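Just so you know, these numbers come straight off a predicted model, no measurement behind them.
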Amino acid sequence: MKNKIISLIKKALQTCVQKELLPAVNLSYIEVEIPGTPSHGDYATNVALILASPSQQNPRKIAEIIQANLIDAEKIIEKTQIAGPGFLNFFIKDDIWRKSLQNIEKQKEKYGLINIGGGKKVQVEFVSANPTGPLHIGHARGAVVGDVITNLLTAAGYKVSKEYYINDAGNQMNNLGKSVLLRYRELLGEKIEFPETCYRGDYIKEIAGDIIKKEGNKYLTAIKEEETIRYFTSFAGRIILDEIMKDLMDFGVIFDEYFSEKKLYDNNGVTKLLESLKKKGFVYSDGETLWFKTTAFDDEKDRVVIRKNGEPTYFAADIAYHQNKFSRGFETIIDIWGADHHGYMPRLFAGIQALGHDKNSLKIILVQLVNLLRDGTPVAMSTRLGEFVTLREVLDEVGKDAARYNFLMRRSDSHLDFDLELAKRQVSENPVYYVQYAHARICSILNMARERGISLPRYADIETALLNEPEEKVLIKLMARFPEIIEGAAKTLEPHRIAFYLNELAGVFHSYYNRNKVISENGTLTAARLLLVKTIGIVLLNALKILGVSAPEKM
RNA sequence: GCGCCUGUAGCUCAGCUGGAUAGAGCAACGGACUUCUAAUCCGUGGGCCGAGAGUUCGAAUCCCUCCAGGCGCACCA
């Protein structure tokens, strides 16, 4: 609908220019917005205000000229008006709005899907926690944002792949193996000293116990400690990664691909890439270490890729990783990071540009950190110290739907205090139930109709003009705008817009429900309202699906 | 010190890439179940949009300067 209005205005402007009523001004786009107050119409444009200064005319005068040259070929406009400083307001005919119900009925679960993506391949990489411990509440936020951005882009016509990058090659993993080995010795009666760099969580002891159960004490006498640590690392990493995957699955997040950092080192992949960058002049040696010239692309200093001790840095592997992503044919890659990594951005952008990729082909979404509280007092979170609230605990105590919605009600860059006690107390008043309840109510109405032997009407059979209550009109317009909401959310990568839309739609429905009977003595009115309610159910379901939140039929 | 994010009702947050009279939810108060589900609805109160200056027809939104909080500033990941 919005696009129709835009093209109407475009055509009118062209005619005006041809008739030399207005000078030819190159507008990058026509802004059409939905006014806040209904008396300002369904859509409004400010083009006249924009054109005022270049054409040196009164904006209201310009609006009049445009208005006079509008050609409403499809006869969708009830009226237009000029208001305020020079807005041109459009009122769409009620009948045209009502026809959108037919669309919803016809497209059902596909209603809302659009094709701005044109099947382009996009990759979204998120969570990517190294498997040194269970996922905690901070990871949960990133997981939901990544998952829903994927759903949004899919709904918008992109071909999207979800990927988890397993950082299984660095120091942290080595510390994990060391930690398990120490606990292993401890469990077998040795006295140990536990260094600060090691992981203290109880799960470490459990894993050590597993190894004892499985293989006894044979590693006590092993001579090559390095080899033992390597083995313990991979043993523990595998167990922890399994747990992570299970937690994520119960959180509704399933990845298409798990990519191991180690794989990048196969066939000297990282070294070869650095060699080729050296030839291009982006990598240089100072005799001891190898540097990447990120300052060539606006980073504040150059970065080390091969350390003095000969080991490649995380950054070196990451360049190789992103090169790998592009080589798999993704046109756009989206990385979702915790905001504490923001300082790393210029480096990575420099990296991909050195590889010859456009800066805009990489998008980095920063998800602000979650500040964990318990009854108002901050709880320090540290995987290393074993102090954290796990995703598993949140899932068990708050539930998947409520937990997901809790994160989705906020912009990604808003700082978030997560009070576990408060969250538990608020389980029953979480906005998610407000929306789900609307869906359940609708199912209940439709069931009641069936029980009374009323067959569900089809659009072709109803008298749409009976849907004339103010709330009915609002509901229809809201539903008609659902595809525009998806478009906006997908373009800006802002999942929270869907949650706010859902709250609004559910709110108007609840209000309507309390004021009007759907099933009544009046058969034709009942039919019309049943169809309306049925389509609301479809939109609620489709939107909830994008958020990965269930739509129960009973509550 | 430098960089990024944030600052909107008592609390939690929206505000559609500069629009018309700044909005929800929670909390407070007062109402509505003989009804298709009261996990709902209706009503009331509540604001110097952190502060100051600027850009223009028009600013919560853009520029600059401060203030406050968070996070970064590795040959860690």
#### Entry: Interatomic distance, A/E300 CD vs B/C4 P [rounded to whole Å]
10 Å

### Task
Would you kindly say whether A/S511 and A/N514 are connected by a side-chain donor-acceptor distance under 3.5 Å?
no

### Task
Would you kindly compare A/A506 and A/E288 by the position of their nearest RNA chain B nucleotide and give the one closer to the 5′ end?
A/A506

### Task
Give the intermediate values and the outcome of side chain to side chain donor-acceptor pair (under 3.5 Å) for residues A/Y405 and A/N503.
CA-CA 11 Å; A/Y405 212 80; A/N503 264 20; 3.1 Å; yes

### Query
Hey, does A/E553 reach any base, or is it just sugar-phosphate, or nothing, if we go heavy atoms under 4.0 Å?
base

### A/D340 (side chain) and B/A77 (base): donor-acceptor pair under 3.5 Å
no

### Task
Could you say whether the aromatic ring of A/F87 and the base of B/A20 stack, counting only centre distances under 5.5 Å and plane angles under 30°?
yes

### Task
Only counting residues at least two apart or in another chain, list the ones meeting salt bridge (Lys or Arg N to Asp or Glu O under 4.0 Å) with A/D318.
none

### Query
So what does A/E311 touch, heavy atoms closer than 4.0 Å: a base, only the sugar-phosphate, or nothing?
nothing

### Task
Using atom OH of A/Y344 as one end and atom P of B/G3 as the other, report the distance to the nearest whole Å.
22 Å

### Query
Looking only at atom C1', what distance separates B/U8 and B/A60, rounded to whole Å?
7 Å

Atom pairs under 3.5 Å: protein N/O with N/O of nucleotides 58-63 of chain B:
none

### Message
Give me the distance, rounded to whole Å, that separates B/U37 from B/G46 when you measure between the P atoms they each carry.
### Response
38 Å

### Message
At 4.0 Å (heavy atoms only), tell me whether A/A449 reaches a base, stays on the sugar-phosphate, or touches nothing.
### Response
nothing

### Message
Can you measure A/H342 atom NE2 to B/A77 atom P for me and round it to whole angstrom units?
### Response
19 Å

### Sugar-phosphate, base or nothing in reach of A/A440, heavy atoms under 4.0 Å
base

### Task
Could you give me the stems involving RNA chain B, meaning stretches of three or more consecutive Watson-Crick or G-U wobble pairs whose two defining distances are both below 3.5 Å?
B:1-7 with B:67-73, B:10-13 with B:23-26, B:28-32 with B:40-44, B:50-52 with B:64-66

#### Entry: Length of the CD1-C1' vector between A/I364 and B/G3, whole Å
15 Å

### Task
Show your working on side chain to side chain donor-acceptor pair (under 3.5 Å) between A/E163 and A/Y321 and close with a plain yes or no.
CA-CA 12 Å; A/E163 185 153 310; A/Y321 179 40; 2.7 Å; yes

### Query
Would you call A/K325 and A/E125 a salt bridge, taking side-chain N to carboxylate O under 4.0 Å as the test?
yes

### Query
Does a donor on one side chain and an acceptor on the other come within less than 3.5 Å for A/T132 and A/Q172?
no

### Query
At under 4.0 Å between heavy atoms, what does A/E33 touch on the DNA or RNA strands: base, sugar-phosphate, or nothing?
base

Pick out the pairs of N or O atoms, protein on one side and nucleotides 33-36 of chain B on the other, that lie under 3.5 Å.
from	atom 1	to	atom 2	distance (Å)
B/C36	O2	A/I519	N	3.2
B/C36	N3	A/V518	N	2.9
B/C36	N4	A/Y513	O	3.0
B/C36	N4	A/N516	O	2.2

### Query
Which is true for A/H510 with a 4.0 Å heavy-atom rule: it touches a base, it touches only sugar-phosphate, or it touches nothing?
sugar-phosphate

### Query
Is the aromatic ring of A/H341 within stacking range of B/G72, meaning centres under 5.5 angstrom and planes under 30 degrees?
no

### Message
Using a 4.0 Å heavy-atom cut-off, does A/A44 contact any base of the nucleic acid, only the sugar-phosphate backbone, or nothing at all?
### Response
base

### Integer-rounded Å distance: B/C4 P and A/D298 CG
13 Å

### Set of residues satisfying salt bridge (Lys or Arg N to Asp or Glu O under 4.0 Å) with respect to A/E487, sequence neighbours excluded
A/K491

### Task
Check every strand shown and say whether A/P431 touches a base, only sugar-phosphate, or nothing at a heavy-atom separation below 4.0 Å.
nothing

### Message
Mind checking if A/S511 touches a base, just sugar-phosphate, or nothing, with heavy atoms under 4.0 Å?
### Response
sugar-phosphate

### Query
Can you name the closest pair of heavy atoms from A/L540 and A/H439 and give their distance?
CD1-N, 3.8 Å

Pairs under 3.5 Å (N/O, protein and nucleotides 10-14 of chain B):
from	atom 1	to	atom 2	distance (Å)
B/U12	O2'	A/R410	NH2	2.4
B/C13	OP1	A/R410	NE	3.2
B/C13	OP1	A/H415	O	3.4
B/A14	OP1	A/R411	N	2.7

#### Entry: Which residue lies more 5' along RNA chain B, comparing A/Y434 with A/G343 via nearest heavy atoms
A/Y434

### Query
Expressed as a whole number of Å, how far does the C1' atom of B/G23 sit from that of B/U61?
15 Å

